[in-house]
Amino acid sequence: MLALAPLLVWYLFNVVLIVIGALLIAALLEIVAEPFNWLRFPRSLALVASAVVIASIFLGAGYLFGAGIMSEMQEVIGRLSEVGKSISSALRASPFGAQFLSGIQAKNVPVEQIAGEILSKSLGFAGAVVVTIFIGVYIAAQPAVYRDGLIKLFPFQLRATANDTVDLLAAALRLWLLGQIIEMVMIGVLFGFSAWIIGLPPALALGVIAGVAEFVPYLGPIIAIIPAALVAVTLKPVTLLWTIVAFELIHLLEGNLIMPVIQQRMVFIPPAVMLSSIVFLSSLFGLGGVVFAAPLTVVLYVLITKLYVRDSLGEPTTLPGEQTTSQAHDQPR
C-alpha cells in the first residue's frame, strides 16, 4: 500500500493540473468574450465568438508566421548545434572534458528507447491537452452548474464560506491570467524588436520564445535568454554583449514598471513565495510543476489567506479579485 502512495500522489497532481488548465481555458474564453458582453451579445453567442476569435488568432498566427517561425526555429537549432559541436570539441581538448564525454557516451542509451519514450509522453500530453480544452469549454459554457455542484458537496453550514471562496478563486485566476497575457505580449514584442535591432537572425522566433517563457514567472525569462545568448555566441562578441544588455534593460523595465503596474491591478504574490513554489513543485513533479506552479500558487495563496488568515485568525486582509467579486454581487441580477 505504501508503495502505491507516490503513484497516487502523481496521478492526483496530474488531475489537479488538468483542472487548473481547464479553469484557465474557461477564464481565457471569459476574458475574450468580455467585449462581446459589452455589445449586449447573449452569453452563449459571446462565448462562441470568443472561441472563434481565439481559434482564429492561433490558426492565423500559424498560417501567417508558422513557416517563418519554423524556419527561424530551424536556424536557432542549427546554430545551437554548432555551439554544441564547439563545446564538444573544446571538452575533447582537455583531459577532464574527454573523461566527462566518455562517461556520457558509456551509458549508450538506445535511440529506439528514447524515441519510444518521447512518442509515448507526447501522445499522453496531447491527450491531456484535448481533455483539458473540452473541460474548459464545458466550464465556460455552464459555470453555474459546476460551481453549484461543487458547493453542494459541502455541509450546509459551510456553503456560504465555500461560495465566497469559489468566487474569489475564480476572480483571482482570471485576473492572474489577464496580467500574464499582457506581460507575455509586451515582453515578446520588446524582445523580438530588440533581437531585430541587434541583428540576431531569428528575431521573430526569439520573441515568441521570450513571450511564451514569461508564463513561468521569474524563471521563464532566465530560460528565454539561453537560446538568444547561444545564437549570439555564433556571431560577434559584441552581439552577445548587446543581447545581454537588451535582456537586462527589458527585464529592468519589466520589474520596475510593467510588472508593478499589472500586479497593482491584477494579482500580487510575494516573489519569494512564487519562487519557492516553482522550485518545490518542479522538484516533485518536473515540467508540469514548473508550468502550472504560478496558477497553483495563486489558488493556494487565496485559500490560505481567505480560510486561515482571515476566517480562522480574524486578520483583515484584501484578496486578489475581491473588489471585482463584491462588485459583481452588488450588481442587479
Side-chain angles (χ1 to χ4, degrees), residues 20-21 23-38 50 53-54 57-58 61 136 140 167-195 206-225 228 246-279 281 290-306 317-328:
I20 293 292
L23 292 175
L24 291 177
I25 289 172
L28 178 61
L29 288 168
E30 290 280 357
I31 289 170
V32 180
E34 196 67 32
F36 299 103
N37 292 329
W38 297 339
S50 171
V53 169
I54 294 170
I57 290 173
F58 279 101
D167 284 347
L168 288 170
L169 284 173
L173 278 176
R174 185 177 185 277
L175 288 173
W176 176 84
L177 180 61
L178 180 59
Q180 286 302 113
I181 292 172
I182 295 171
E183 254 187 271
M184 289 166 68
V185 171
M186 294 183 71
I187 296 301
V189 170
L190 287 173
F191 200 83
F193 180 73
S194 300
L206 293 174
V208 170
I209 291 172
V212 172
E214 198 67 25
F215 187 81
V216 181
Y218 305 108
L219 292 185
I222 298 174
I223 296 171
I225 189 59
F247 174 81
E248 292 296 333
L249 289 176
I250 289 171
H251 288 285
L252 187 65
L253 178 67
E254 178 194 18
N256 290 279
L257 180 61
I258 298 174
M259 188 181 289
V261 171
I262 292 175
Q263 288 180 341
Q264 183 180 2
R265 297 188 175 273
M266 304 299 176
V267 176
F268 172 71
I269 303 293
V273 174
M274 185 66 75
L275 277 172
S276 300
S277 176
I278 292 172
V279 172
L281 291 174
V290 174
V291 173
F292 287 98
L296 277 172
T297 304
V298 172
V299 170
L300 292 175
Y301 184 80
V302 171
L303 289 176
I304 293 171
T305 305
K306 166 71 169 60
T317 57
T318 302
L319 290 164
E322 191 164 28
Q323 185 177 2
T324 303
T325 53
S326 64
Q327 288 176 350

Does Met184 CE have over 12 foreign heavy atoms under 6.0 Å away? yes
[X] [atom1] to [Y] [atom2] distance, which is reported to the nearest 0.5 Å:
| X | Y | atom1 | atom2 | value |
| --- | --- | --- | --- | --- |
| Leu249 | His251 | CG | NE2 | 10.5 Å |
| Ile54 | Leu29 | CD1 | CG | 4.5 Å |
| Glu254 | Leu190 | CD | CG | 9.5 Å |
| Ile223 | Ile225 | CD1 | CD1 | 12.5 Å |
| Ile187 | Leu253 | CD1 | CG | 7.0 Å |
| Ser50 | Ile31 | OG | CD1 | 9.0 Å |

Ile262 and side chain to side chain contact (heavy atoms under 4.5 Å, CB included): which partner among Leu178, Leu175, Ile181, Ile182? Ile182
Write down the atom of [X], the atom of [Y], and the distance for their closest heavy-atom approach.
| X | Y | answer |
| --- | --- | --- |
| Ala224 | Ala210 | CB-CA, 3.7 Å |
| Val302 | Ala172 | CG2-CB, 3.7 Å |
| Trp176 | Val298 | CD1-CG2, 3.7 Å |

With sequence neighbours excluded, what pairs up with Thr305 under the side chain to side chain donor-acceptor pair (under 3.5 Å) test? none
List in chain and number order the residues that pass ring-ring contact (aromatic ring centres under 6.0 Å, His included) with Phe36, two or more places apart in sequence or in another chain; answer none if no residue qualifies. Phe41
Pairs where residues 24-38 contributes a residue and the test salt bridge (Lys or Arg N to Asp or Glu O under 4.0 Å) is met, not counting sequence neighbours: Glu30-Arg43, Glu34-Arg174
Decide yes or no on side-chain contact (heavy atoms from CB on, under 4.5 Å) for Phe292 and Leu24, but give the supporting numbers first. CA-CA 10 Å; Phe292 287 98; Leu24 291 177; 4.2 Å; yes
Compare all side-chain heavy atoms of Val299 with those of Leu23 and state whether any distance is below 4.5 angstrom. no
Checking Glu214 side chain against Gln180 main chain: does a donor-acceptor pair fall under 3.5 Å? no
Keeping the roles fixed (side chain from Ser277, backbone from Val273), state whether a donor-acceptor pair exists under 3.5 Å. no
